[in-house]
Amino acid sequence: MRLTQQQAAEYHERGFLMLESLLDAQEVETLRAAFERDAKVPGPQVVTEDGGTEVRAVYSSHQRQQEYAGLVRDPRILAPVRQLLCDDVYVYQFKINAKPPFGGDKWAWHQDFLAWRIADGLPAPRQVNIGVFLDDVTEFNGPVIFLPGSHRRGLVREGRSASARSEQHLDPDDISLSPGQLAEYVDRHGMTSPKGPAGSVVLFSPEIVHGSSPNMSPFARRLLIATYNDTANLPRPEGEPRPEYVVCRDTAPLRPLAAPFSQVPCAVAS
Ligand code: HL5
Ligand code: SIN
Ligand code: MN
């Protein structure tokens, strides 16, 4: 379950690391079915595409679906995260970005940590994101694009824009890099988009510049993103904290399951 020294070095150097086909086809099926169920649960945790009814994102499914409660504690995922960050981590945020066929919109160029510093008073970028491919990710269905090494230059931008695209969460549109900033960053770092079969997992830094294009293909691109935070780095919101679906309140350190989530049932916490 441990990353090799070379893999850990690659994560720190490039700001992301791809683990191809970490989960098997049966597990992917289980996770997709759980998403289909969870996307039907009404509530503010479901974000729809602008002017439509299609699902753009669903938050905090790990609090409602046992497959996801298990997945975030799965040793194949939690062990590498603890290795890269520290032993005591919890899930700060959990979302599935659905990017439906023929119209899943873009996710603007941004750095996650800026969002969490502004919105939640998160002290330090002591997080690791995991992106789990629930569909095959190709050049056609809007893969996430990373600027390798951009996480090592701190935050590019300061604040958020005056108008909010969504009230439910902070959409990357509100904190996106300007065209000039992006051009300079791409000139220096280039762009790359990890692609691979469903069940692949990409670990990525909260400071790496990333974004993705709209999906004009007939294929969905459901991407699960769980963000782990160091338990010694709890958010300190200035005013009212954001809702629990977007900033998880259970900050108890997670312990890895004894076996893959598909082999050990894991009760949902709440
Ligand atoms: N939607 C997230 C939030 O916390 C922020 C984005 O990719 C993470 C920028 O509201
Ligand atoms: C995000 O960074 O939250 C969105 C990335 C994506 O789903 O393409
Ligand atoms: Mn992001």
Side-chain angles (χ1 to χ4, degrees), residues 15-16 35 44-50 54-61 91-101 103-122 125 127-135 137-147 150-151 155-157 159-161 164-177 182 191-196 200-217 219-229 235 237 240-249:
F16 70 95
F35 176 62
Q45 78 282 357
V46 182
V47 180
T48 54
E49 291 288 352
D50 288 352
E54 284 193 296
V55 173
R56 175 161 171 78
V58 177
Y59 280 84
S60 65
S61 307
V91 174
Y92 176 74
Q93 184 171 88
F94 182 106
K95 57 186 177 264
I96 297 169
N97 292 338
K99 206 171 264 202
D105 197 6
K106 73 167 194 303
W107 295 91
W109 296 111
H110 69 282
Q111 292 171 294
D112 293 343
F113 179 60
L114 177 61
W116 300 327
R117 197 177 73 173
I118 294 172
D120 310 320
L122 198 57
Q127 299 81 42
V128 168
N129 290 303
I130 58 136
V132 180
F133 296 5
L134 299 184
D135 294 293
V137 175
T138 69
E139 66 267 49
F140 305 118
N141 61 351
V144 177
I145 304 170
F146 293 112
L147 275 48
S150 57
H151 65 301
L155 291 178
V156 188
R157 177 185 163 154
R160 57 180 293 172
S161 54
R165 172 169 174 175
S166 169
E167 294 297 321
Q168 293 162 274
H169 70 144
L170 203 158
D171 194 283
D173 264 336
D174 303 350
I175 51 162
S176 63
L177 274 69
L182 202 262
M191 299 194 277
T192 186
S193 54
K195 295 173 277 286
S200 300
V201 173
V202 62
L203 301 152
F204 63 99
S205 158
E207 291 184 288
I208 195 167
V209 175
H210 61 289
S212 65
S213 303
N215 184 10
M216 61 192 285
S217 83
F219 312 112
R221 193 234 55 181
R222 290 163 291 189
L223 176 68
L224 181 167
I225 302 179
T227 303
Y228 296 85
N229 185 30
E240 271 291 293
R242 291 199 295 164
E244 183 173 4
Y245 66 80
V246 79
V247 183
C248 304
R249 300 293 195 269

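Both ligands and their constituent atoms are indexed starting at 1 by order of listing.
Separation of atoms CG (D135) and CZ (F219) is listed at 10.5 Å; rounding is to 0.5 Å. Rounding to the nearest 0.5 Å gives a distance of 7.0 Å between CD1 of I175 and CG of D112. Rounding to the nearest 0.5 Å gives a distance of 13.0 Å between CZ of R222 and CG of N97.
For ligand 1, the atoms lying closer than 4.0 Å to a non-hydrogen atom of A115 are 5 (C), 9 (C). Those atoms of ligand 1 that come under 4.0 Å of a heavy atom in Y59, given as number and element, are 1 (N), 2 (C). Below 4.0 Å from some heavy atom of R242 lie the following atoms of ligand 1, by number and element: 3 (C), 4 (O), 10 (O).
A donor-acceptor distance shorter than 3.5 angstrom exists from the side chain of Q168 to the backbone of P44, with no hydrogens or angles considered. Using a distance-only test at 3.5 Å, with no hydrogens or angles considered, no donor-acceptor pair links the side chain of R117 to the main chain of A119. Between the R221 side chain and the P143 main chain, no donor and acceptor come within less than 3.5 Å of each other. At distances below 3.5 Å, at least one donor-acceptor pair connects side-chain atoms of R249 with backbone N or O atoms of V247. Put simply, the side chain of E49 never gets that close to the backbone of R56: no donor and acceptor are under 3.5 Å apart. Looking at R165, its side chain never comes within 3.5 Å of a backbone N or O of D173 through a donor-acceptor pair.
Closest to atom 9 (C) of ligand 1, if we only count protein heavy atoms, is H110 CD2, 3.4 Å. At the top of the distance list for atom 7 (O) of ligand 1, counting protein heavy atoms only, stands D112 OD1, 2.9 Å.
Ligand 1 lies out of reach of F113, whose nearest heavy atom is not under 4.0 Å from it. Heavy atoms of K95 approach ligand 1 to within less than 4.0 angstrom.
By the 3.5 Å distance cut-off applied to N or O atoms, W116 is counted among the residues near ligand 1. Residue-to-ligand polar distances place L170 within reach of ligand 1: an N/O pair is separated by less than 3.5 Å. Considering backbone and side-chain atoms together, H210 places no N or O closer than 3.5 Å to any N or O of ligand 1.
Ligand 2 is surrounded by K95, N97, W107, H110, V144, H210, S212, R221, L223, each with at least one heavy atom closer than 4.0 Å.
When non-hydrogen atoms are compared, ligand 1 lies under 4.0 Å from neither the backbone nor the side chain of Y92. If you look at W107 next to ligand 1, there are no close heavy atoms at all, none under 4.0 Å.
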Can you check side-chain contact (heavy atoms from CB on, under 4.5 Å) on L223 and V144, steps first, answer last? CA-CA 9 Å; L223 176 68; V144 177; 3.6 Å; yes

side-chain contact (heavy atoms from CB on, under 4.5 Å) evaluation trace for N141 with K99: CA-CA 8 Å; N141 61 351; K99 206 171 264 202; over 6 Å; no

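More than 12 heavy atoms of other shown residues, nucleotides or ligands fall within 6.0 angstrom of atom CD in E139.
Listed by chain and residue number, the protein N/O/S atoms under 2.8 Å of the Mn ion (ligand 3) are H110 NE2, D112 OD1, H210 NE2, with waters left out.
Residues V47 and Y59 form a side-chain contact, since some pair of their non-hydrogen atoms from C-beta on lies under 4.5 Å apart. Side-chain contact between Q111 and V209: present, with at least one pair of heavy atoms (C-beta onward) separated by less than 4.5 Å.
Note on ring orientation: taking the six-membered ring where Trp is involved, the planes of F16 and F146 are parallel (angle under 30°, cut-offs 30° and 60°).
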